[in-house]
Amino acid sequence: MVLLDIDYITRGEKAIIRLFGREKNDENETSIIVLDDGFQPYIYVVPRDIEECQEQIEELNVEKVEKVEMKDLAKNKHFIKVTFNHPQDVPKLRDKIRDLPSVKDIREHDIPFYRRYLIDKGLFPMAEVEVEGKTVPPLDITEISNNYLANIFKLQGEIQPISSDFPDLNILSLDIEVYNPKGMPKSEEDPIIMISLSSNQGLQKVISTERSSLDFVETVKNESEIIKRFVEIIQKENPDLLIGYNSDNFDFPYIKDRAELLNIPLNLGTDGSQLKFMKKGYANAALVKGRVHVDLYLIMRRYLQLDRYTLERVYLELFDQEKQDIPGDEIHHYWSEGGEKLETLFKYSLDDAVTVTEIGEKMLPLTLELTRIVGQPFFDVARMATGQLVEWYLIRKAYEQGEVVPNKPSASQYSNRRGKKASGGYVKDPVKGLHENIVYFDFRSLYPSIIISKNVSPDTLVTECDDKKCHISPEKQYMFLKEPAGFVPSIIGNILHERMRLKTMMKESSNDEEKKFLNVQQEALKRLANSMYGVYGYSRFRWYRLECADAITAWGRDYIKKTMEKAEHFGFKPVYADTDGFYAVYHGNH
DNA sequence: GTGAACCGGGG
DNA sequence: GTGTACGGTTCAC
């Protein structure tokens, strides 16, 4: 099955992991939930006195205490691994453990349970997994309501990743319109007047209370029926992905508010569960269990560099086509006036949903691929900043290499870091005037190359060394061991190597679909590699090292200046330079 | 000059 | 949920 999402529930004292999957055979699509009660949370403890430490922790209400040897920034060290009964015991007990006199520090104490599961089991969301023993339906371990849409199984044997092609997903987009004569809509007063739906399976529908001659409009008797019908269609279409535009903060919260007011259940999940919201800082994320809700607005902000991110602006950018728009404050006029105006509103509303599907089909493959590389849920990856993506990728790699992950910075460490900044790239102010015969030198892979060739990594940074054993950076003379390969450099090396392999496969492939698929994969790797050089200077990063960030840019400036000098020697006069490259005019004197 | 407050998208 | 965005700009003093 394709692994769409993951969470856990608690039954009795036990945490049970739920894996939400989808199986497609011929014409049939089945939602599946696999339950695994055989996984327990743990943290690592850095002891001052290992024996005393072990004894003291054993007195607490924990499952298991054991000595382990792990790497900490490439150095072998002794840790105590403490296993807990339940994920929520971790925040309850970790402060107690940290405060023990025999304990120096605690590590990996803030890794969400479901993420830990994915990492430790080697599972990747949006890829195929093989489930053994899933024919046993042990329904006593969870309460089952009658309207479960999915088949539920208890995991009996192993769950294993298997290689797979790009998943073939059923995508449904939605967009709501609201009657709001008094400015921005307020969910306490302003009703939903239509919900538009569009899928990649051919569905195009507007549910509304007004009649229309347009065949995509389905008329129901009141607002309650709009919402009920919406829930029905979601259950029937059973999409893997739900997408919207600003739907985390508008459409879904609004639907939820109105449904509550009208007392209508919103059981949209494949487990029959209600629409939920997760607080992510100050922002909301709308969550439908068993499906993945993606807000394209966030994705667009990440991938496009625009002045504005309205649906119209994004559509123009991606498809080079103007999209008609009814200003928000005029929608109620179109609704009240009826006739032609209303038909226009119906068309506009459906068009928004269709547009969201189109944008999703174009933009989501990259995020899907990043999900399969980083190995965290699609829902999360679609909402992660690049720094977070890199971090979770590295956390998985750390596990694979037996490295204990560094802690997140404390509040004081964070504010301390924020005050400091690594030096930037080299900038040469442009020479004024109109230049002809311009040549551009592109250095976009300069920083990843520096990290690899100079082995720039927190675990290779040393304070005493010589130029036989170390690379020494220009200016501030930071020293990095030449051997062994550092944690971050080796990972970037693997990414770039894998990317080259995919590019070669792409060139050799004669199948257009395969080419496209390989291209998305190599683009995702490029994104990941390119975001990795910035993170040494990112204040929240677990592997933050200002020295590394500084050394990289220092080498960068050194390289670009030397290259410009060389170019000048060959008759190219640089007219402008900024960080990754420079423009030069050829005088042809040579 | 500095730190707090606000803003994005959506109707 | 083993949790608490983000980066840029404007405002208020």
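Numbers restart at 1 for each chain; the letters A, B, ... are given by sequence-line order, proteins then strands.
- For the pair A:Glu210/A:Ile193, no side-chain contact is recorded, criterion being any heavy-atom separation below 4.5 Å from C-beta on.
- Atom pair A:Glu391:CD and C:dG3:P shows a separation of 14 Å (rounding to whole Å applied).
- Taking atom OH of residue A:Tyr309 and atom C1' of nucleotide C:dC6, one finds them 13 Å apart after rounding to whole Å.
- Here the C1' atom of nucleotide C:dT4 and the CE atom of A:Met384 are 14 Å apart, to the nearest Å.
- For the pair A:Arg301 and A:Tyr309, the distance from NZ or CZ to the six-membered ring centre is under 6.0 Å and the angle to the ring normal is within 45 degrees.
- By the 4.0 Å N-to-carboxylate-O rule, A:Asp307 lies close enough to A:Arg313 to be salt-bridged with it.
- If you check every strand for non-hydrogen atoms under 4.0 Å, A:Phe252 touches nothing.
- At the heavy-atom level, A:Asp175 lies under 4.0 Å from the strands shown only through sugar-phosphate atoms.
- Contacts of A:Ile111 with the nucleic acid, taken as non-hydrogen atoms under 4.0 Å apart, include base atoms.
- Proximity of A:Tyr8 to the phosphate of C:dT2: a side-chain N or O atom is located under 4.0 Å from OP1 or OP2.
- The existence of a salt bridge linking A:Glu358 and A:Lys362 is excluded, since no basic side-chain nitrogen approaches an acidic carboxylate oxygen closer than 4.0 Å.
- At a threshold of 4.0 angstrom between heavy atoms, the contacts of A:Arg301 include nucleobase atoms, whether or not backbone atoms are also involved.
- Between A:Phe277 and A:Phe252, the gap from one ring centroid to the other reaches at least 6.0 Å.
- Salt-bridge annotation for A:Glu189 and A:Lys182: present, with a side-chain N of the basic residue lying under 4.0 Å from a carboxylate O of the acidic one.
- A:Tyr114 comes within contact range of the sugar-phosphate backbone alone, with a heavy-atom separation under 4.0 Å but no base atom that close.
- A:Asn200 contributes a side-chain N or O that, together with a main-chain N or O of A:Ile171, makes up a donor-acceptor pair within less than 3.5 Å.
- For A:Arg542 and C:dG3, the CZ to P distance is 10 Å, given to the nearest whole Å.
- In this structure, A:Lys408 reaches the sugar-phosphate backbone alone: every heavy-atom distance under 4.0 Å involves primed, P, OP1 or OP2 atoms, never a base.
- Between C:dC6 and A:Arg540, a contact under 4.0 Å exists linking OP1 or OP2 to a side-chain N or O.
- Once you apply a 4.0 Å limit to the heavy atoms of chain A, the touched nucleotides of DNA chain B run 5' to 3' over B:dG8 to B:dG11.
- At whole-Å resolution of the value, CG in A:Leu298 and P in C:dG7 are 14 Å apart.
- No engagement by A:Ile326 is indicated, since no non-hydrogen atom pair under 4.0 Å with the nucleic acid exists.
- Distance check on atom C1': C:dG8 versus B:dG9 gives 16 Å, rounded to whole Å.
- Across residues 86-109 of chain A, A:Pro87, A:Val90, A:Pro91, A:Arg94, A:Glu108, A:His109 each have a non-hydrogen atom less than 4.0 Å from an atom of DNA chain C (numbered order).
- Within the nucleic acid shown, A:Gly244 has no heavy atom closer than 4.0 Å to any nucleic acid atom.
- Note: CE (A:Met278) to P (C:dG1) measures 3 Å, nearest angstrom.
- Remark: the separation of the C1' atoms in B:dG11 and C:dA5 is 24 Å, to the nearest Å.
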**Message:** Using the rule given for salt bridge (Lys or Arg N to Asp or Glu O under 4.0 Å), can you reason through A:Asp295 versus A:Arg383, listing the C-alpha separation, both sets of side-chain angles and the distance that settles it, and then say yes or no?
**Reply:** CA-CA 8 Å; A:Asp295 186 342; A:Arg383 289 167 179 78; over 6 Å; no

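- A donor-acceptor distance shorter than 3.5 angstrom exists from the side chain of A:Lys256 to the backbone of A:Leu275, with no hydrogens or angles considered.
- Rounded to an integer number of Å, the gap from A:Asp307 CG to C:dG8 C1' is 14 Å.
- Taking atom P in both C:dG1 and C:dC6, the straight-line distance is 14 Å, to the nearest Å.
- Once rounded to the nearest 0.5 Å, the distance linking CZ of A:Phe124 with OG1 of A:Thr371 reads 11.5 Å.
- Note on A:Asp352: only backbone sugar-phosphate atoms sit closer than 4.0 angstrom, heavy atoms only; bases stay farther off.
- Within 6.0 Å of CG on A:Asp95 lie more than 12 heavy atoms contributed by other residues, nucleotides or ligands.
- Taking atom CD of residue A:Gln388 and atom P of nucleotide C:dG7, one finds them 11 Å apart after rounding to whole Å.
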